[in-house]
Amino acid sequence: MTGVRVLLVDDHPVVRAGLRAVLEGAGGVTVVAEAADGAEALAVLAGAHPPVDAVVMDLQMGPGMDGIEATRRITAAGGPPVLVLTTYDTEADVVAAMTAGATGYLLKDAPPEAVREAVQAAAAGRPVLSPAVTARLVHRMGAPATALTDREIEILRRLATGATNRELARALFISEATVKTHLVHIYDKLGVDNRTRAVDRARAERII
């Protein structure tokens with residue numbers, strides 16, 4: 001009896017080794033495969049026999065396919081539940097992961113027992129969120145009038161890289177006038193009057 005069969009997806013071998021030890025330390029969970037990025041994870045799942053019960057997915061993984069895109073593809077294909085296990089807890093990352101279809105979202109500083117329980121819950125199809133992530137989602141839902149939309153968060157992330165209005169318009173396939181409208185809404189919601197302050201506020205509030 002192997003218990004829950006898990007695929008670990010993380011680009012750091014040392015992290016994967018540590019997670020394997022944590023998950024298998026108390027029994028009930030077996031790591032049957034590992035992958036260094038999203039593309040490799042999809043290839044593993046395509047040839048997994050018997051099938052994997054849950055995927056433990058990091059978000060940022062070097063130059064390869066990231067965890068958000070991999071989660072989206074796994075979910076769209078009717079694959080196993082995905083538990084995001086990452087160090088990133090910004091609103092942008094949380095919303096993107098949940099929108100992509102993640103069953104759970106946990107931070108890597110969670111206690112080993114919490115990680116094991118989260119994996120087992122995810123394998124059973126039960127949603128699981130870390131307290132910090134839950135607080136962010138509750139805040140977002142509780143203030144719908146001021147919550148930034150996914151598109152506004154995307155614009156903020158690009159602003160943080162120094163993108164101009166023209167570059168934003170080209171990247172998002174919208175007009176510069178639409179970009180300016182988005183910026184007006186972003187400034188209003190964040191209580192700022194320019195892009196530099198918008199980025200600073202977004203970072204301070206861990207929106208990006």
Is the shortest heavy-atom distance from the side chain of [X] to the side chain of [Y] under 4.5 Å?
X: Leu106; Y: Leu129; result: no
X: Thr86; Y: Gln60; result: no
X: Val192; Y: Tyr187; result: yes
X: Glu40; Y: Glu34; result: no
X: Leu23; Y: Leu8; result: yes
X: Tyr105; Y: Leu59; result: yes
X: Ile207; Y: Ile153; result: yes

Does atom CD of Glu176 have more than 12 heavy-atom neighbours, drawn from other residues, nucleotides or ligands, at distances under 6.0 Å?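 Counting neighbours around CD of Glu176, more than 12 heavy atoms of other residues, nucleotides or ligands fall under 6.0 Å, so yes.
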Could you verify whether a donor N or O on one side chain and an acceptor N or O on the other, from Asn165 and Arg170, lie under 3.5 Å apart?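 No, Arg170 and Asn165 have no side-chain donor paired with an acceptor closer than 3.5 Å.
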Under 3.5 Å side-chain donor-acceptor pair for Ser175 and Thr178: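 Yes, because at least one side-chain N or O of Ser175 sits under 3.5 Å from a partner of the opposite role on Thr178.
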Cationic N near anionic O, under 4.0 Å, Glu113 to Arg116: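 So Glu113 does not pair with Arg116 through a salt bridge.
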Taking Glu152 as the fixed residue, which of His182, Lys189, Arg157 is the one that meets the side-chain hydrogen bond (donor to acceptor under 3.5 Å, both in side chains) rule?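 With Glu152 as partner, His182, Lys189, Arg157 yield a single side-chain hydrogen bond (donor to acceptor under 3.5 Å, both in side chains), made by Lys189.
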Short question: side chain of Asp58, backbone of Asp10 - any donor-acceptor pair under 3.5 Å?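 No; judged by distance alone, with no hydrogens or angles, the pair does not exist.
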